[in-house]
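None of the values given here were measured: they were computed from a predicted structure.
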Amino acid sequence: MRNTVHDQKVTKPAPTAESTDNVALPALGFIGTLRWAWRQLTSMRTALFLLLLLAVAAVPGSLFPQRPANPAVVAQYIQNNPSAGPWLDRFQLFDVYSSVWFSAIYLLLFISLIGCVFPRASQHAKAIRSQPPRTPQRLSRLRHYGALAIPAERQVPASQAVADAAAILKRRGYRVDVRDADGPHPSVGAERGFIKEVGNLVFHAALIGVLISVAVGGLFGYRGQKILVEDGTFINNLVSYDSFTPGTNFSDGTLDPFSIRLDNFDVTFERETTSNYGQPIDFTAKVTTKTTPDAEPREQVLEVNEPLSFNGTNVYLVGNGYAPVITIRDGEGNITLSEPVVARVNDAAYTSTIVIKAPDAQPFQLGFVGLFIPTAMKGENGQTVAGDPDPFNPQLLLDSYYGDLGLDEGVPTSVYTLDTSELTQLNGRKLDTGGIVLGAYQTYDLPEGKGSITFDGLKRYIGVDITYDPGKIGALIFSSLAVLGLMTSLFIGRRRAWVRAGTHEDGRTMIEYGLLARGEDYRLIGEEKALRTLFENKWSTRNNSEEK
């Protein structure tokens with residue numbers, strides 16, 4: 001009698017909660033935790049996230065004033081916002097690009113890219129040295145598959161057909177490997193497109209290079225601005241700058257000791273057409289430069305988009321305007337100011353605001369604020385307006401004040417603003433004395449014997465931007481490599497091809513081939529057609545080919 005006990009299906013009871021509680025799970029451990037954290041940090045997903053996070057972290061730098069660029073504006077912002085200002089300062093939102101949190105994101109991105117690129121580069125180097133993949137048993141399963149027959153009268157054995165196919169594939173850039181050349185079914189495996197992964201690696205390695213270059217520029221570079229009046233000289237030292245933004249590790253010993261003297265500045269305005277009449281069309285600054293204090297002077301021309309270069313330090317022309325020459329005498333008759341005063345341009349007609357301060361005047365300090373107009377004309381309502389940017393009728397329209405200018409308290413103030421809250425007004429349109437209207441080479445005596453002001457002449461000035469960025473060449477090279485690597489990665493496909501040959505019982509040599517792309521590649525159809533055409537031309541099988 002048959003024993004049916006062994007024929008029955010034995011089922012195990014489902015695990016209960018009590019049994020699962022007794023399962024001993026392997027502990028990750030300290031080393032395992034570090035390995036897991038490193039893999040997470042060096043993944044491509046993390047690198048992309050950190051790159052996006054770095055872009056978001058840079059946004060506050062454009063929303064809030066930055067202390068390295070203008071500390072006075074930051075101090076004023078904190079003073080105007082006594083509640084939020086100190087908290088923003090604690091979170092380093094006024095020093096975004098040198099803050100701890102921005103530097104941490106930057107450093108993590110740098111480490112992530114390095115940990116991502118170098119292992120992949122090592123793996124790709126091994127893949128390049130390896131042989132193409134083995135020939136599949138059933139090529140007909142491939143999406144891009146074809147077959148053809150070489151007639152018996154052509155007398156092309158299978159081994160020769162595979163050798164011919166290998167030569168064709170090699171000429172098309174494939175790396176080939178012939179298998180079982182003397183066997184009954186020889187085949188060739190081919191692969192190309194390794195440059196695609198090389199482009200991908202170059203792209204990511206170039207990103208590391210860009211980060212390093214930007215870091216070098218931020219650490220050792222600097223940027224400054226200077227207003228240079230005609231006949232004035234700029235010497236490249238910290239005292240000469242109007243504003244200066246140093247790098248984190250900047251040292252004044254790196255300043256190149258060049259000098260620039262502005263001899264003449266010409267502006268050409270449009271005079272031929274009525275639609276653009278008065279528009280500036282050319283700016284030319286004639287300067288005399290010295291690379292060192294003992295060097296021979298050299299006459300050069302500074303123009304827009306054509307900077308002067310001194311051993312990597314570039315000087316750019318970024319602005320211009322007028323600087324009326326002002327002489328101020330105080331109530332005691334002493335000259336307390338005699339120099340060009342820069343007027344800030346407001347519009348295309350070069351209507352400019354001007355602030356004049358005479359802190360040495362006695363017995364009271366004097367201050368003036370108003371407008372400079374290159375060509376003064378009367379408007380329809382009787383007010384003075386600017387008629388042309390060229391100085392055909394230069395005129396100063398000023399209000400005057402006396403008192404304490406607040407310059408002796410040690411608090412930095414802008415030369416382009418005048419705080420009148422603690423001053424007494426002498427002249428103004430709403431006062432009986434009226435405002436000061438001063439033409440070229442005219443003198444106005446202030447009320448109450450407080451002194452006089454004279455408009456002695458007119459000069460032009462230029463605004464220059466002086467930059468030194470030791471990482472800019474590297475950033476240009478690596479960014480170009482990044483673009484090249486990205487294009488290579490996008491437009492070159494990774495492809496594999498196989499060709500197998502065999503002899504039919506009627507004497508024909510049967511050829512079958514297949515292609516496979518890594519990922520989606522719509523161009524593989526054209527590659528299949530091209531290979532088939534080359535095979536048919538090689539063996540003259542166009543009239544005998546057959547598709548399977």
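Salt-bridge formation is detected for the pair Arg172/Glu527: a Lys NZ or Arg NE/NH1/NH2 atom is positioned less than 4.0 Å from an Asp or Glu carboxylate oxygen. A salt bridge does not link Arg261 to Glu299: none of the charged nitrogens lies less than 4.0 Å from a carboxylate oxygen. Using a 4.0 Å cut-off between a side-chain N of Lys or Arg and a carboxylate O of Asp or Glu, Asp95 and Arg67 qualify as a salt bridge.
The shortest side-chain heavy-atom distance between Arg154 and Arg508 does not fall under the 4.5 Å cut-off. Between Asn314 and Lys472, the closest side-chain pair of non-hydrogen atoms falls below 4.5 Å. Inter-residue side-chain proximity for Val315 and Lys226 is flagged as unmet; no heavy-atom pair is nearer than 4.5 Å. Proximity of Leu50 to Tyr106: side-chain heavy atoms (C-beta onward) are nowhere separated by under 4.5 Å. Side-chain atoms of Ile466 and Arg223, non-hydrogen and from C-beta on, never get closer than 4.5 Å to each other. Contact of the Arg500 side chain with the Leu139 side chain is registered, since non-hydrogen atoms from C-beta on lie closer than 4.5 Å. Contact annotation: the side chain of Phe194 never approaches that of Ile492 to less than 4.5 Å [non-hydrogen atoms, C-beta and beyond]. In this structure the side chain of Ile511 reaches within 4.5 angstrom of the side chain of Val499, judged on heavy atoms.
Checked against the 6.0 Å centroid threshold, Tyr222 and Phe244 count as a close aromatic pair.
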task: Using the ring pair (Phe, Tyr, Trp, His ring centres under 6.0 Å) rule, take Phe269 and Tyr277 through it: C-alpha gap first, then chi angles, then the decisive distance, then the call.
output: CA-CA 8 Å; Phe269 297 99; Tyr277 188 84; 9.4 Å; no

- request: Begin from the C-alpha positions of Glu191 and Arg494 and carry the test side chain to side chain contact (heavy atoms under 4.5 Å, CB included) through to its verdict.
  value: CA-CA 8 Å; Glu191 189 173 14; Arg494 182 82 175 269; 3.1 Å; yes

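Taking CG from Asp266 and NZ from Lys286, the interatomic distance works out to 6.0 Å, rounded to the nearest 0.5 Å.
Remark: side-chain polar atoms of Asp89 are not paired, donor with acceptor, to backbone N or O of Gly85 under 3.5 angstrom. A donor-acceptor distance shorter than 3.5 angstrom exists from the side chain of Ser479 to the backbone of Leu476, with no hydrogens or angles considered.
Side-chain atoms of Thr467 and Asp465 include no donor-acceptor pair closer than 3.5 Å. With no hydrogens or angles considered, a side-chain donor-acceptor pair links Tyr513 and Arg532 at under 3.5 Å. Side-chain contact, His144 with Glu528: a donor N or O sits under 3.5 Å from an acceptor N or O. At a cut-off of 3.5 Å, with distance as the only test, no side-chain donor of Tyr468 or Asn311 sits close to an acceptor on the other residue. Using a 3.5 Å distance cut-off with no hydrogens or angles, the side chains of Thr254 and Ser251 do not pair a donor with an acceptor. Side-chain polar atoms of Asn276 and Glu270 form no donor-acceptor pair below 3.5 angstrom.
Note: Phe283 and Phe265 have parallel aromatic rings, judged against thresholds of 30 and 60 degrees for the angle between ring planes. A perpendicular orientation is assigned to the rings of Phe64 and Phe94, their planes being inclined by more than 60° (bins at 30° and 60°).
The side-chain tip of Arg35 does not point at the ring of Trp38 from less than 6.0 angstrom away and within 45° of straight on.
The two atoms that bring Asp177 and Gln131 nearest to each other are CG-OE1, 3.3 Å, heavy atoms only. The minimum heavy-atom distance linking Ser259 with Ile235 is given by the pair CB-CG1, 4.1 Å.
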